[in-house]
Amino acid sequence: MDLFTFFDFGQGGAWGGQREKRERQARQPKPPKCGPVARVLISLLITIVFGAVYFYFQLPALNFRDEGFYLFLILLCIVFAVCMVILQGFRSNSVREYVSYTKKNLMIPFGITVVLLAVLAVGSVTGWIVFRAKAYSELMPMEEGDFSAEVAEIDWDQIPMLDADSANNLANRKLGELSDLVSQFTVDDASAQINYNGRPVRVNYLNYSGFFKWWNNQSEGIPAYIMIDMRTQEVEVVRLEERIRYSPSEYLNRDLNRHLRFQYPTFMFDDVNFEVDDNGTPYWVASVVEKRIGLFGGKDIKGAVLLNAVTGESEYYEIADVPTWVDRVYQADLIMEQYDYYGQYHNGFWNSIFGQNDCTIATDGYNYIAQDDDVWVYTGVTSVTDDRGNIGFILVNQRTKEAHYYSCAGAEEYSAMSSAEGALQQYQYTATFPLLLNISDQPTYFMAMKDAAGLVKMYAMVNVQQYQIVATGTTVENCQQNYHDLMVENGILEEEEAVPEGTDENGNGQSGTGQDGTDQEPEQSAPDGTVTGRIAEIRSAVIDGNTCYYLRLENSEDYYTVNAGEYPAAVILNVGDQITISYYGETGPIREGTDLRTE
């Protein structure tokens, strides 16, 4: 054999044989990183750990009627498949062979994923409103009602004078006065209007103002909550002997949503509300959701979990068994949604698209009425063509979902708000969303009128059916008297009908605005004196729905009161400002101020 043949790189040469051997070795699949059993066990272990961590932080409901549960399972299948691929290694030089081998090993997670996606698709179709319009329209049974017979004329002590924004502003202002709380906590704006011992109030809970504030205070808990009287506008900080330890601003296992999920892993929860029982004990009311149409459609409420915010103890109640002190189980947004289903689809889906015969929807806003120790949601009903007029309105009990429809053609709420603002256009006040009242058997919109600073300055009443009838007043009683006079003038009421509360024995309003919108003030005697000086101290209080300022001058112990509705300049006064003020009362630490002038 010559040297050329020996060193030939072909198949017959020595070097050629070595190369062929190396190529055969290269074509052999590389051994896997671990055996098939170990690979499956390790992948399962990693998937379980990932699922536990995901569940702890994302808190999906372990319920086959929750779409999120299927997405959770699909995510676990993906994690398992990725682990299997990584652990099997690259076992072939051919990508095609590698893909074929991988598919064989991932058939089970892939098949489970396909089944889950199919269930999601079929479940969504079975609840599709195109096919189930009638079922959606029946989610809220509706009864025809008689407004004058069923809606009692409300006691003025039960009328909430504030809207949610104003109540939250008062709560934040009150917290700012408390040096031991303001630096550690913030007021949550998600307040709920409830009935508390016969009074309409809003309760605001406190949140830790950050992680480090939680770290410093979490061993003791949240020391108080804030209650705002919707009638008098008084704000009370309710200090607790045993502090709140379960809330949305907690971390780890005392986080409210996590605590609920660990106690009820299969429950689907709606919003969780903060309420207090008749003894002032704070509770979280968690509405429990059920799906009543198809697999995922027809969201409704089947009951509520009541969780003690102090102890963390909880109990589930069916809707019929929820304690009467609980005021809000059905959220207002869900009620609006279910009425829209009823109004649009009770004659079928295609009618809602084309003919639109007898199709109605709820108006854009809503408010609350306290009646029979329950809170009812009010909203107007209008046609789907948005013609700026109401054909009626509904009242729905937030605890039981008892629903009543009242036929009453008239102005929709935003038109009434514009009418009230127009009657006081010289002040540029803004109307709150109306509250529906029964005034002398007349459906009436009642609104508070706020200035640019959000302070309530006046009140307005607008007749629902004849919204050109607008009465205003600086107090509720004055406003009602003016409204009564206007209804008599327009032939809605007879002269001899009962005079509303807040008038004198002759039936005349004591103060406020007249039928023509001009100011009418009671006659008063001349002031007892006048003082001039610099302001040393300013205090404020809300009395009978009006903001009053108490001014103390330098070198004096006496306070002089002024009503912000009569003297708007009082709102912008500061300590150190020079003022001149007249007053009534020769002696006493508090004197009624009048004729306020700044210099």
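Numbers for residues simply follow the sequence, beginning at 1. None of these values were measured; they are calculated from a predicted model.
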How about [X] and [Y]: do any of their side-chain heavy atoms sit closer than 4.5 Å?
| X | Y | result |
| --- | --- | --- |
| M227 | R199 | yes |
| R245 | V310 | no |
| L170 | I226 | no |
| E234 | I228 | no |
| Y246 | L307 | yes |
| V464 | N390 | no |
| I579 | R597 | no |
| Y283 | W325 | yes |

Side chain to side chain donor-acceptor pair (under 3.5 Å) against [X], all qualifying residues, sequence neighbours excluded:
| X | answer |
| --- | --- |
| D146 | S148 |
| R534 | none |
| D333 | Y366 |
| T281 | none |

Centroid separation W214 to F185 less than 6.0 Å: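 Centroid separation for W214 and F185: 6.0 Å or greater.
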Does the separation of the ring centres of F274 and Y225 fall below 6.0 angstrom?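 Yes.
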Nearest-0.5 Å distance, [atom1] of residue [X] to [atom2] of residue [Y]:
| X | Y | atom1 | atom2 | answer |
| --- | --- | --- | --- | --- |
| L181 | N217 | CG | CG | 9.5 Å |
| Y205 | I244 | OH | CD1 | 10.5 Å |
| E144 | Y405 | CD | OH | 6.5 Å |
| Q428 | D451 | CD | CG | 11.0 Å |

Once the angle between the rings of F433 and Y378 is folded into 0 to 90°, is it parallel (under 30°), tilted (30 to 60°) or perpendicular (over 60°)?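 Geometry flag for Y378 against F433: tilted rings.
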Using the test side chain to side chain contact (heavy atoms under 4.5 Å, CB included), find all partners of [X] that sit at least two apart in sequence or belong to another chain.
| X | answer |
| --- | --- |
| Y406 | F147, E150, V151, F393, L395, H404 |
| A460 | A420, M449, T472 |
| A448 | T432, V456, Y459 |
| N169 | none |

Near E242 CD, under 6.0 Å, is it more than 12 heavy atoms from other residues, nucleotides or ligands? no
Check: [Y] main-chain N/O paired with [X] side-chain donor or acceptor under 3.5 Å:
| X | Y | answer |
| --- | --- | --- |
| N482 | G473 | no |
| S440 | Q442 | no |
| N207 | S209 | no |
| N490 | L486 | yes |
| N367 | P434 | yes |
| N463 | Y467 | no |
| D229 | V201 | no |
| E275 | D327 | yes |

Salt bridge (Lys or Arg N to Asp or Glu O under 4.0 Å) against E220, all qualifying residues, sequence neighbours excluded: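 In terms of salt bridge (Lys or Arg N to Asp or Glu O under 4.0 Å), with neighbours along the sequence ignored, E220 is linked to R243.
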Suppose we screen for salt bridge (Lys or Arg N to Asp or Glu O under 4.0 Å). Which residues come up paired with E537, at least two apart in sequence or across chains?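 In terms of salt bridge (Lys or Arg N to Asp or Glu O under 4.0 Å), with neighbours along the sequence ignored, E537 is linked to R539, R552.
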Nearest heavy atoms of [X] and [Y], plus distance in Å:
| X | Y | result |
| --- | --- | --- |
| V375 | I194 | CG2-CA, 4.1 Å |
| M447 | A416 | CE-O, 3.8 Å |
| T379 | A362 | CG2-CB, 3.9 Å |
| V476 | F446 | CG2-CZ, 4.1 Å |
| A167 | R202 | CB-CD, 3.7 Å |
| V470 | S419 | CG2-CB, 3.9 Å |

Side chains of [X] and [Y]: do they bring a donor and an acceptor to under 3.5 Å?
| X | Y | value |
| --- | --- | --- |
| T363 | E413 | yes |
| Q398 | Y368 | no |
| Q481 | D485 | yes |
| D188 | N204 | no |
| E421 | S418 | no |
| T360 | Y339 | yes |
| Y483 | T444 | yes |

Inspect the contact between D270 and K299 and indicate whether a charged nitrogen and a carboxylate oxygen are less than 4.0 angstrom apart. yes
If you measure from the Lys or Arg side-chain nitrogens to the Asp or Glu carboxylate oxygens, is any gap between K450 and D163 under 4.0 Å?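 So K450 pairs with D163 through a salt bridge.
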Would you mind listing every salt bridge (charged side-chain N to carboxylate O under 4.0 Å, His left out) that reaches into residues 374-383, with sequence neighbours excluded? D374-R399
Pairs in or reaching into residues 167-179: which pass salt bridge (charged side-chain N to carboxylate O under 4.0 Å, His left out), with residues at least two apart or in two chains? K174-E177
Apply side chain to side chain contact (heavy atoms under 4.5 Å, CB included) to Q331 and S287, showing your working. CA-CA 9 Å; Q331 306 302 316; S287 303; 3.8 Å; yes
With side chain to side chain contact (heavy atoms under 4.5 Å, CB included) as the criterion, how do Y208 and Q184 come out once you've worked through the C-alpha distance, each side chain's angles and the decisive distance to 0.1 Å? CA-CA 6 Å; Y208 298 104; Q184 303 297 312; over 6 Å; no
Working for side chain to side chain contact (heavy atoms under 4.5 Å, CB included), residues T594 and I581: CA-CA 6 Å; T594 184; I581 186 171; over 6 Å; no
Could you check Q578 against T532 for side chain to side chain contact (heavy atoms under 4.5 Å, CB included), going step by step and ending with a plain yes or no? CA-CA 7 Å; Q578 181 86 6; T532 299; 3.3 Å; yes
